[in-house]
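Report on one structure; see the data block that follows.
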Amino acid sequence: AMARFNFTQDPEEPDLWAAENVAAGKGRPPIHVMIQTDGEEPGSGASKVVKAIIDQIDDQILAAAEFLLDNYSYEHYKKLGLEDSQLLQEETPQAMAEKAELRALWLFDEDGDGYELWFTLPWDPVHTYDVEFEDGEPVSCSVND
């Protein structure tokens, strides 16, 4: 049987449900998964959607990395005094995908047609970089505090 995720309701936002410490693939720390619902607990369909995304997470992160690169500037972080070892050796999606740390998956609904992957980057501990996906393809990236 498939693992059901243990979603708990946000006391302040009843339509937001979250699961902590969800395994996100080998060599990656567990992530936080959030789902918007109409207030009802996410059903087994939502767990299936989450599992399907996580099963493809390496490809998803590589796709997201293109958008993360748009928000990256070697010169900018070099000026801030960061060491080369902390920065990208080459500005490729592969290099970015290795450095970006996936923190969270946020589904806009239980169908999973739209969702965001939230990343932190080693050279910018202050912001999350949230890459939005529609129908499995990344479409935009926003930077948030």
Side-chain angles (χ1 to χ4, degrees), residues 3 5-39 41-43 45-145:
F5 297 99
N6 183 19
F7 288 105
T8 50
Q9 196 169 24
D10 185 323
E12 283 161 28
E13 295 187 48
D15 58 351
L16 191 63
W17 293 75
E20 305 278 348
N21 292 321
V22 174
K26 226 171 108 184
R28 203 172 276 121
I31 62 170
H32 189 73
V33 176
M34 294 156 292
I35 300 187
Q36 298 279 153
T37 73
D38 54 11
E41 184 173 359
S47 286
K48 278 200 182 80
V49 167
V50 169
K51 185 173 187 311
I53 293 169
I54 290 175
D55 283 347
Q56 300 291 317
I57 204 68
D58 290 342
D59 295 338
Q60 303 265 315
I61 290 172
L62 194 55
E66 295 269 3
F67 285 82
L68 298 175
L69 278 173
D70 292 343
N71 290 278
Y72 175 78
S73 155
Y74 174 83
E75 287 75 23
H76 173 75
Y77 291 110
K78 196 69 186 152
K79 274 195 199 110
L80 293 179
L82 276 85
E83 298 293 321
D84 273 355
S85 62
Q86 293 170 279
L87 300 173
L88 294 181
Q89 299 310 303
E90 45 188 33
E91 295 193 26
T92 64
Q94 285 78 8
M96 178 60 85
E98 280 172 30
K99 291 276 192 187
E101 187 142 323
L102 181 64
R103 297 291 182 179
L105 163 62
W106 180 34
L107 291 91
F108 304 149
D109 58 38
E110 295 186 57
D111 301 336
D113 299 332
Y115 54 88
E116 288 180 348
L117 296 179
W118 295 3
F119 296 92
T120 52
L121 300 172
W123 45 84
D124 179 3
V126 182
H127 299 97
T128 63
Y129 291 76
D130 306 345
V131 178
E132 182 175 341
F133 284 72
E134 279 172 21
D135 302 321
E137 297 296 321
V139 292
S140 65
C141 177
S142 56
V143 182
N144 293 292
D145 291 332

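Hydrogens, waters and symmetry mates are skipped; everything else that's a heavy atom, side chains included, is used.
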Just how far is it from atom [atom1] of [X] to atom [atom2] of [Y], taken to the nearest 0.5 Å?
{"X": "I61", "Y": "Q94", "atom1": "CD1", "atom2": "CD", "result": "13.0 Å"}
{"X": "H127", "Y": "L121", "atom1": "NE2", "atom2": "CG", "result": "11.0 Å"}
{"X": "D135", "Y": "D113", "atom1": "CG", "atom2": "CG", "result": "5.5 Å"}
{"X": "F7", "Y": "L16", "atom1": "CZ", "atom2": "CG", "result": "10.5 Å"}
{"X": "W118", "Y": "T128", "atom1": "CH2", "atom2": "OG1", "result": "6.0 Å"}
{"X": "Q56", "Y": "K51", "atom1": "CD", "atom2": "NZ", "result": "10.0 Å"}

Judged by atom type as modelled, is there a donor-acceptor pair below 3.5 Å linking the side chain of [X] to the main-chain atoms of [Y]?
{"X": "Y72", "Y": "L88", "value": "yes"}
{"X": "N71", "Y": "F67", "value": "yes"}
{"X": "E110", "Y": "G43", "value": "yes"}

So which heavy atom on [X] is nearest to which on [Y], and how close?
{"X": "P42", "Y": "I35", "answer": "CB-CD1, 4.2 Å"}
{"X": "A65", "Y": "A97", "answer": "CB-N, 4.0 Å"}
{"X": "S85", "Y": "K99", "answer": "O-NZ, 3.1 Å"}
{"X": "P138", "Y": "V131", "answer": "CB-CG1, 3.9 Å"}
{"X": "P29", "Y": "A24", "answer": "O-CB, 4.1 Å"}

Using side-chain hydrogen bond (donor to acceptor under 3.5 Å, both in side chains) as the criterion, list what pairs up with [X], not counting sequence neighbours.
{"X": "S142", "answer": "N144"}
{"X": "W106", "answer": "Q36"}
{"X": "D70", "answer": "none"}

**Asked** Picking from L68, L105, I31, what satisfies side-chain contact (heavy atoms from CB on, under 4.5 Å) with L117?
**Response**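 Answer to the side-chain contact (heavy atoms from CB on, under 4.5 Å) test with L117 among L68, L105, I31: L105.
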**Item:** Given F108, Y129, F133, the one that forms side-chain contact (heavy atoms from CB on, under 4.5 Å) with E116
**Value:**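 By the side-chain contact (heavy atoms from CB on, under 4.5 Å) criterion, E116 pairs with just one of F108, Y129, F133: F108.
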Among all residues two or more places apart in sequence or in another chain, which pass the side-chain contact (heavy atoms from CB on, under 4.5 Å) test with [X]?
{"X": "H32", "value": "A18, E20, M34, A104"}
{"X": "Q89", "value": "none"}
{"X": "E12", "value": "D10"}

**Prompt:** Are W17 and L107 close enough, and set up right, to give a side-chain contact (heavy atoms from CB on, under 4.5 Å), and what steps lead you there?
**Reply:** CA-CA 10 Å; W17 293 75; L107 291 91; over 6 Å; no
**Message:** Could you go through T120 and D124, starting from their C-alpha distance and side-chain angles, then the distance that decides it, and tell me whether this counts as side-chain contact (heavy atoms from CB on, under 4.5 Å)?
**Reply:** CA-CA 7 Å; T120 52; D124 179 3; over 6 Å; no
**Request:** Find out whether I54 and Q60 are in side-chain contact, i.e. whether some heavy atom of one side chain is under 4.5 Å from a heavy atom of the other.
**Result:**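 No. Closest side-chain heavy atoms not under 4.5 Å.
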**Message:** In the structure I gave you, are the side-chain heavy atoms of Q9 and T37 within less than 4.5 Å of one another anywhere?
**Reply:** no
**Prompt:** Under 6.0 Å from the CG atom of N6, do we count more than 12 heavy atoms belonging to anything else shown?
**Reply:**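 No - once you tally the heavy atoms of other residues, nucleotides and ligands closer than 6.0 Å, there are 12 at most.
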